[in-house]
Amino acid sequence: MAVQHFLGLDSSTQSLSATIIEVEANSTGFSSKIIYETSINFQENFGKYGVKNGVLPDSKGIGEAFSPPQMWVEALDLIFQKMLDANISLSKLKAIGVSGQQHGSVYLNSSADSILANLTPQKNLAEQLANAYSRELSPIWMDSSTSEECAEITEVLGGPKSVCEITGSECFERFTGPQIRKFYKQDSKGYQETQHICLVSSFVPSILAGKIVGIDPGDGAGMNLMDIRSKAWSADALRATAPDLGQKLFSVTPSDAICGKVSNYFVEKYSVAADCEILPGTGDNPSSLIGLGLVVPGRIGISLGTSDTLFAAMKNPNTDPTGASHVFGSPAGDYMVLACYKNGSLARENIKDEFGASWDEFSKHLNQRPAGNNGCIILPYFDTEIVPRVPVSGVQKYNLDNAGAAEHIRAVVEAQMTSMALHSEWMGEAPQIIYVTGGASSNKEILQVMADVFNAKVARQTTTNAAGLGAALRAHHAFNKASAAPCEWTDIVKDYVPSDESQYVSPIEENVKALKGFRESYRKTEKEYLEQIKAAV
Ligand code: ADP
Ligand code: XUL
């Protein structure tokens with residue numbers, strides 16, 4: 001085997017990233033390493049779209065969150081141009097995998113098939129795709145405006161437990177099914193003109209392949225439309241959501257299928273190898289699961305990206321008795337469990353900016369306060385929350401009158417970590433090691449709080465983008481499988497699982513003790529607040 005390259009693209013909330021891995025044969029099989037990483041921040045590069053952190057402002061103030069799909073398309077051209085300008089040879093690329101922010105959907109009209117099939121390198125992608133949409137904007141995972149549609153779908157499907165039993169999750173506002181139902185109700189003409197509904201993770205590979213590519217069971221599970229056991233669309237869920245929906249969705253496609261060769265557009269314009277294969281994309285969390293090497297049950301991962309997420313591989317689709325977490329398909333087969341916190345990085349940024357601090361100062365403030373923060377507590381609902389379900393935003397502060405930056409910063413981070421620990425108790429045994437990724441995982445002081453709250457070691461990789469790496473690793477796995485040289489998943493990820501224990505962040509005993517007490521105060525405070533808002537509704 002000569003040297004092979006695999007590209008992973010991660011189209012996330014705030015940026016599009018590229019990760020290239022190089023796989024080389026050796027006496028024990030092969031070695032695999034990252035040879036290139038780059039990223040394009042949407043807000044910095046595409047001011048003309050008016051996005052903040054990749055998302056348009058909620059103009060109606062009703063919890064809507066949209067992004068322009070054309071911005072993602074422009075970013076795709078830009079990232080290939082960036083690789084070309086950096087003299088990165090794409091001629092050794094064997095396959096490209098994609099990771100996308102979950103739940104966000106793209107609506108294409110009847111011209112889309114022909115536009116995708118006839119992409120010409122004489123024009124850029126955005127120009128060519130401009131008339132391919134039946135809906136100009138894409139609702140994304142931060143949207144919380146579909147409570148009514150969730151209630152309607154839930155009623156038809158026989159209640160929350162039944163929705164969870166069928167699809168792996170109760171109905172959630174950001175999930176694609178409720179979002180599609182809202183579109184159908186508000187713009188039935190636009191809905192009728194929709195030929196294909198893609199997720200972000202299937203839209204990007206559809207452009208790469210020059211044809212519509214299916215949705216995989218990792219991201220398909222985040223729609224409230226897929227039967228979690230058969231990993232195919234559920235006829236009942238489709239019917240409960242919108243008419244003729246099955247015709248607008250390509251069949252659920254296995255994560256490791258090969259969908260076709262890369263479009264000639266990328267071959268001619270960016271010198272991508274003509275035989276480079278395209279596989280279905282998956283969600284950024286399923287992709288991070290792979291990128292962190294969590295291909296077998298028994299280890300947990302936490303991503304500190306725009307959202308904070310906690311996830312783990314699972315053999316069977318065991319659903320959360322509290323209804324707060326989700327079961328998705330794992331790209332390595334079987335399943336994964338996921339809990340998503342909306343108030344992640346942007347909540348940390350909010351408190352950092354409130355006190356005019358840099359990230360270095362943020363870390364210093366965090367260290368300055370004792371574990372448990374002497375009873376200062378924040379419920380960090382800068383935005384509505386998913387886990388636990390908090391339908392109205394509003395930060396709640398306790399014992400923080402006249403307090404300064406350090407108290408507030410410590411309170412937000414302790415709240416985030418404690419909430420993750422509390423709401424994952426149902427999963428059973430406490431983790432001994434947590435594998436971390438996402439932009440904020442570069443911050444060692446935040447990881448120390450995580451280690452102390454969970455009383456677990458925290459292991460990080462050299463990259464903070466496990467989602468992009470996971471996409472490249474999936475490309476390697478699918479390519480080998482299609483070349484009749486299948487590899488075990490444990491081999492594919494072996495060079496990326498952090499194994500140098502001296503690099504781990506370890507819990508500090510006295511902090512662990514203080515935070516055990518803090519967990520109980522937080523549990524009580526959160527419970528009382530949830531009861532209070534429930535009574536107010
Ligand atoms: P996503 O993939 O969801 O778009 P990323 O994983 O790239 O997001 O994470 C972006 C976030 O990382 C930013 O919003 C920022 O708050 C956070 N971040 C970056 N550097 C630091 C740091 N040193 N400490 C804490 N957070 C950081
Ligand atoms: C997961 C979720 C977010 C997005 C954006 O359910 O909504 O984590 O995938 O990263």
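On a predicted model such as this, the values are computed, not experimentally measured, just so you know. We count ligands from 1, going down the list as the structure has it; atoms in each ligand are counted the same way.
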Undergrad: Per the side chain to side chain donor-acceptor pair (under 3.5 Å) rule, what does the pair list look like for residues 57-68, sequence neighbours excluded?
TA: E64-K182

Undergrad: Should L346 and M142 count as side-chain neighbours, where that means a heavy-atom distance under 4.5 Å?
TA: yes

Undergrad: Side-chain donor-acceptor pairs under 3.5 Å in residues 286-305, sequence neighbours left out?
TA:
from: S287; atom 1: OG; to: A467; atom 2: O; distance (Å): 2.7
from: S287; atom 1: OG; to: A471; atom 2: N; distance (Å): 3.2
from: S288; atom 1: OG; to: D284; atom 2: O; distance (Å): 2.8

Undergrad: Can you check which of C340, P286, G344 brings a heavy atom nearest to atom 2 (C) of ligand 2?
TA: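 Answer by nearest heavy atom: C340.
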
Undergrad: For the side chain of Q179 and the backbone of E173, is there at least one donor-acceptor N/O pair under 3.5 Å apart?
TA: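 Confirmed, Q179 side chain pairs with E173 backbone.
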
Undergrad: Considering only protein heavy atoms, which is closest to atom 7 (O) of ligand 2, and at what distance to one decimal place?
TA: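 The protein heavy atom lying closest is R174 NE, 2.8 Å.
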
Undergrad: Of all the non-hydrogen atoms in the protein, which one sits nearest to atom 9 (O) of ligand 2, and at what distance?
TA: D284 OD1, 2.7 Å

Undergrad: Measuring from each atom of ligand 1, which residues have a heavy atom under 4.0 Å away?
TA: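 The answer is S12, T13, Q14, G305, T306, S345, E349, W359, G438, G439, A440, S442, N443, I446, counting any residue whose heavy atom sits under 4.0 Å from ligand 1.
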
Undergrad: List the closest protein heavy-atom neighbour of atom 1 (C) of ligand 2: residue, atom name, distance to the nearest 0.1 Å.
TA: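 For this ligand atom, the closest protein heavy atom is N285 ND2, 3.3 Å.
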
Undergrad: So, is the end of the R135 side chain (NZ or CZ) under 6.0 Å from the ring centre of Y133 and within 45° of the ring's axis?
TA: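 R135 over Y133 ring: no.
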
Undergrad: Taking 4.0 angstrom as the limit and counting only heavy atoms of Q102, give me the atoms of ligand 2 inside it, by number and element.
TA: 1 (C), 4 (C), 9 (O)

Undergrad: Does the N or O separation between T309 and ligand 2 drop below 3.5 Å for any pair?
TA: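 Looking only at distances, the answer is no, because the N/O contact criterion of under 3.5 Å is not met.
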
Undergrad: For F382, is the NZ or CZ atom of R348 found under 6.0 angstrom from the centre of its six-membered ring and inside 45 degrees of the ring axis?
TA: no

Undergrad: Could I get the full list of side chain to side chain contact (heavy atoms under 4.5 Å, CB included) partners for A324, not counting sequence neighbours?
TA: D320, T322, V387

Undergrad: Suppose we measure from atom 3 (C) of ligand 2 to each protein heavy atom; which comes out shortest, and what is that distance?
TA: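 Ranked first by proximity to atom 3 (C) of ligand 2 is S307 OG, 3.4 Å.
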
Undergrad: With heavy atoms of W141 as the reference, note each atom of ligand 2 found under 4.0 Å away.
TA: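 Contacts of ligand 2 toward W141, numbered from 1: 3 (C), 4 (C), 5 (C), 7 (O).
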
Undergrad: Hey, what do you get for CD (E407) to CD1 (I378), rounding to the nearest 0.5 Å?
TA: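 Output value for this atom pair is 10.0 Å.
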
Undergrad: For H326 and ligand 2, does the shortest N/O to N/O distance drop below 3.5 Å?
TA: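 So ligand 2 has no N or O lying under 3.5 Å from an N or O of H326.
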
Undergrad: Against heavy atoms of L338, which atoms of ligand 2 measure under 4.0 Å?
TA: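 Numbered from 1, ligand 2 contributes 1 (C), 6 (O).
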
Undergrad: What do you reckon, are the aromatic ring centroids of H365 and F355 less than 6.0 Å apart?
TA: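 Between F355 and H365, which both carry aromatic rings, the centre distance is not below 6.0 Å.
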
Undergrad: Any ion pair linking K342 and D383 (charged N to carboxylate O, less than 4.0 Å)?
TA: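 A salt bridge is present here (some side-chain N lies under 4.0 Å from a carboxylate O).
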
Undergrad: Look only at interatomic distance and state if Q101 has a nitrogen or oxygen under 3.5 Å from any nitrogen or oxygen of ligand 2.
TA: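 Between Q101 and ligand 2 (N or O atoms, distance only) the closest approach is not under 3.5 Å.
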
